[in-house]
Amino acid sequence: MAASLLSRRTALFLGVSKFNSFLPAVVQQTANYNPRPLWLNIKNPYIPNKESEKTPEWQKTDKYERKLFGRYGSSSGVEPAKLWPSHARLEELMAEEKEWHPPIEVMLENIAAREREKEQKRMER
């Protein structure tokens with residue numbers, strides 16, 4: 001193995017033109033890889049008609065409108081103000097977050113209370 005490394009180094013040092021023969025096939029294959037371009041039709045995007053009966057229900061949702069705006073930007077025809085949650089939905093989300101993700105002070109108090117309880121049970125035994 002050492003001899004093969006030395007021969008490669010000397011070949012590189014002497015400027016042998018067959019450098020590609022020393023590279024593994026995977027490296028050569030990766031270097032020659034040319035991926036197909038993404039075909040996003042930005043000039044003429046497909047915007048579903050919400051009034052049409054042929055439009056699927058999932059394309060009439062707010063989630064799909066957010067996706068369209070993320071993909072095509074202002075050319076999607078979606079109002080950016082519509083993408084944010086309403087005040088009522090925002091308050092629901094905040095209440096849910098307070099319920100399921102309490103602040104760190106509350107979590108530390110809960111941990112300390114559990115440790116005191118374990119210690120008290122151990123002392124009673």
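Judged as a side chain to side chain donor-acceptor pair (under 3.5 Å), and not counting sequence neighbours, the contacts of K50 are E65. Contacts of P48 classified as side-chain contact (heavy atoms from CB on, under 4.5 Å), with partners at least two apart in sequence or in another chain: Y46, T55, Q59, Y64, L68. Looking at residues two or more places apart in sequence or on another chain, you find a side-chain contact (heavy atoms from CB on, under 4.5 Å) between I111 and R114, E115.
In this structure, E79 places its CD atom where only 12 or fewer heavy-atom neighbours from other residues, nucleotides or ligands lie under 6.0 Å away. Counting non-hydrogen atoms of neighbouring residues, nucleotides and ligands closer than 6.0 angstrom, the CD1 atom of I104 reaches no more than 12 such neighbours. In this structure, E53 places its CD atom where only 12 or fewer heavy-atom neighbours from other residues, nucleotides or ligands lie under 6.0 Å away.
Taking 4.0 Å as the cut-off between side-chain N and carboxylate O, R89 and E92 count as a salt-bridged pair. Comment: K60 engages E57 in a salt bridge, judged by a side-chain N to carboxylate O separation of less than 4.0 angstrom.
No donor-acceptor distance shorter than 3.5 angstrom exists from the side chain of R122 to the backbone of K118, with no hydrogens or angles considered.
Considering only heavy atoms from C-beta on, R116 stays 4.5 Å or farther from E119 through its side chain.
Scanning all heavy atoms of the two residues, the minimum distance from S75 to Y72 falls at OG-O, 2.8 Å.
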